[in-house]
**Student:** 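Take this structure first; my questions come after.
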Amino acid sequence: SPAAALNLSSPSLGQRVGQGTSVAFNARGDGIVDGVTFQIPGPALSLPAPVFSGGNTARLTASVDVAASIGVRPIFAQRADGTSALTGGLIITGQPPTLSSIQPATGLNSGGSRVTIIGANFNSGTEVSLAGVPLIDVTVLNSTTLLGTTAPNKIGPLTLLAVNPDGTSGALASAFV
């Protein structure tokens, strides 16, 4: 009979890994025993031989080149009598945004301040917020500079958060008062 479904146990919704990095994780499922091979399709990815630990579990280490395309990849488990796939088993993300500064760093809590945000790894569609309140009219000038307008917010030091379309994020505590 074919291999039983492969199910990741941690995390249950796929393993995230950034471009240019590696991640080790457990692949779990019925029939995952010594001799099963694993494959993650796509260029710029490598997956050395798994380490089996019993209990239908194999330890995998996925290495993702910086040139790998961002997106979701399936993980295939193969044995002589069949193949099993876990759709969305690996999620390749870009490098997370980093935040260096916001200028001006002060403004009215009623909003309306036009700000420039300096950092790295910004992408088209990067969303920015202060204390959870999204900035208005955000423009990504390039990978290191964003423009936006503050919305009404609470008084006090506010944390600046940038979230790229792939879900990676970066924060700068007490960035705006």
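Every heavy atom of this structure was used, including side-chain atoms; hydrogens, water molecules and symmetry mates were not.
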**Student:** What distance separates Gln15 CD from Leu90 CG, expressed to the nearest 0.5 Å?
**Tutor:**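 It is 7.0 Å, given to the nearest 0.5 Å.
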**Student:** Heavy-atom distance under 4.5 Å between the side chains of Leu158 and Val133, does that happen here?
**Tutor:**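 Of all side-chain heavy-atom pairs linking Val133 with Leu158, none is under 4.5 Å.
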**Student:** When you look at Leu86 and Phe38, which way does the side chain to side chain contact (heavy atoms under 4.5 Å, CB included) test go after all the steps?
**Tutor:** CA-CA 11 Å; Leu86 175 62; Phe38 292 87; over 6 Å; no
**Student:** Spell out, as yes or no, whether a donor-acceptor pair under 3.5 Å connects the side chain of Asn56 to the backbone of Asp30.
**Tutor:**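 Not at all, since once roles are kept as given, no pair shorter than 3.5 Å links the two residues.
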**Student:** Within this structure, what is the CG-CD1 distance for the pair Leu135 and Ile102, rounded to the nearest 0.5 Å?
**Tutor:**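 Between atom CG of Leu135 and atom CD1 of Ile102 there are 6.0 Å.
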**Student:** Starting at CG of Asn164, measure out to CD of Glu127 and round the result to the nearest 0.5 Å.
**Tutor:**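 If we round to the nearest 0.5 Å, Asn164:CG and Glu127:CD are 9.5 Å apart.
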**Student:** Write down the atom of Asn142, the atom of Phe122, and the distance for their closest heavy-atom approach.
**Tutor:**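 Scanning both residues completely, I find the closest heavy atoms to be O-CB, 3.9 Å.
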**Student:** Is Phe25 reachable from Val51 through a run of hydrophobic residues whose side-chain heavy atoms are each under 4.5 Å from the next?
**Tutor:**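 No, Val51 and Phe25 fall in different hydrophobic clusters.
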**Student:** Whether the side chain of Asn123 engages the backbone of Pro165 through a donor-acceptor N/O pair (distance < 3.5 Å, no angle test) should be reported.
**Tutor:**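 Side chain of Asn123 to backbone of Pro165, a donor-acceptor pair under 3.5 Å: no, none is there.
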**Student:** With clusters defined by side-chain heavy atoms of hydrophobic residues (ILVMFWY) lying less than 4.5 Å apart, directly or transitively, does Leu146 cluster with Val163?
**Tutor:**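 Cluster IDs for Val163 and Leu146 differ.
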**Student:** Heavy-atom distance under 4.5 Å between the side chains of Ile117 and Leu99, does that happen here?
**Tutor:**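 The answer is yes; the side chains approach within 4.5 Å.
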**Student:** If you take all heavy atoms of Lys154 and Ala131, which pair is closest and at what distance?
**Tutor:**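 Nearest heavy atoms, Lys154 then Ala131: CE-CB, 3.9 Å.
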**Student:** Please check this pair: side chain of Gln19 against backbone of Ile92, looking for a donor-acceptor N/O pair closer than 3.5 Å.
**Tutor:**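 Pair absent, no side-chain N/O of Gln19 close to backbone of Ile92.
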**Student:** Of all heavy-atom pairs between Pro50 and Val36, which one has the smallest distance, and what is that distance?
**Tutor:**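 Looking at all heavy atoms of both residues, the shortest contact is CG-O, 3.9 Å.
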**Student:** So does Leu108 get a backbone contact from the side chain of Ser110, meaning a donor-acceptor N/O pair under 3.5 Å?
**Tutor:**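 No, the answer is negative, given that no donor and acceptor are paired below the 3.5 Å cut-off.
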**Student:** What are the two closest heavy atoms between Ala171 and Thr159, and how far apart are they?
**Tutor:**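 Closest approach of Ala171 to Thr159, heavy atoms only: CB-CG2, 4.1 Å.
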**Student:** In this structure, which one of Thr150, Thr106, Leu130, Thr149 forms a side chain to side chain contact (heavy atoms under 4.5 Å, CB included) with Ser113?
**Tutor:**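 Per the side chain to side chain contact (heavy atoms under 4.5 Å, CB included) rule, the option paired with Ser113 is Thr150, out of Thr150, Thr106, Leu130, Thr149.
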**Student:** From Gln95 CD over to Asp166 CG, what is the distance, rounded to the nearest 0.5 angstrom?
**Tutor:**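 Between atom CD of Gln95 and atom CG of Asp166 there are 9.5 Å.
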**Student:** Assigning hydrophobic clusters by single linkage (Ile, Leu, Val, Met, Phe, Trp, Tyr; side-chain heavy-atom cutoff under 4.5 Å), is Ile91 placed with Leu60?
**Tutor:**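 No, no single cluster joins them.
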**Student:** Transitively linked via ILVMFWY side-chain contacts under 4.5 Å: Ile75 with Ile70?
**Tutor:**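 Different clusters: Ile75 never reaches Ile70 through Ile, Leu, Val, Met, Phe, Trp or Tyr contacts under 4.5 Å.
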**Student:** To the nearest 0.5 Å, what is the distance between OG1 on Thr116 and CG on Leu141?
**Tutor:**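 Here the rounded value is 7.5 Å.
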**Student:** Any non-hydrogen side-chain atom of Val115 less than 4.5 Å from a side-chain atom of Phe176?
**Tutor:**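 Answer yes - side chains close enough.
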**Student:** Please give me the minimum heavy-atom distance between Pro97 and Ala162, naming the atom from each residue.
**Tutor:**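 Here Pro97 and Ala162 meet closest at CG-O, 3.5 Å.
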**Student:** Calculate, to the nearest 0.5 Å, the distance between atoms OG and CD1 belonging to Ser101 and Ile118 respectively.
**Tutor:**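 Output value for this atom pair is 5.5 Å.
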**Student:** Do the side chains of Leu172 and Leu147 join up, straight or via other hydrophobic residues, at under 4.5 Å, putting them in one cluster?
**Tutor:**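 Cluster IDs for Leu172 and Leu147 differ.
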**Student:** Could you pull out the closest heavy-atom pair between Pro157 and Ser174, with the gap in Å?
**Tutor:**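 So the minimum-distance heavy-atom pair works out to CB-OG, 3.7 Å.
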**Student:** Between Ser129 and Leu161, is a side chain to side chain contact (heavy atoms under 4.5 Å, CB included) present by the stated rule, with each step listed?
**Tutor:** CA-CA 5 Å; Ser129 62; Leu161 175 69; 3.7 Å; yes
**Student:** Is the shortest side-chain heavy-atom distance between Val33 and Arg79 below 4.5 Å?
**Tutor:**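 No. Closest side-chain heavy atoms not under 4.5 Å.
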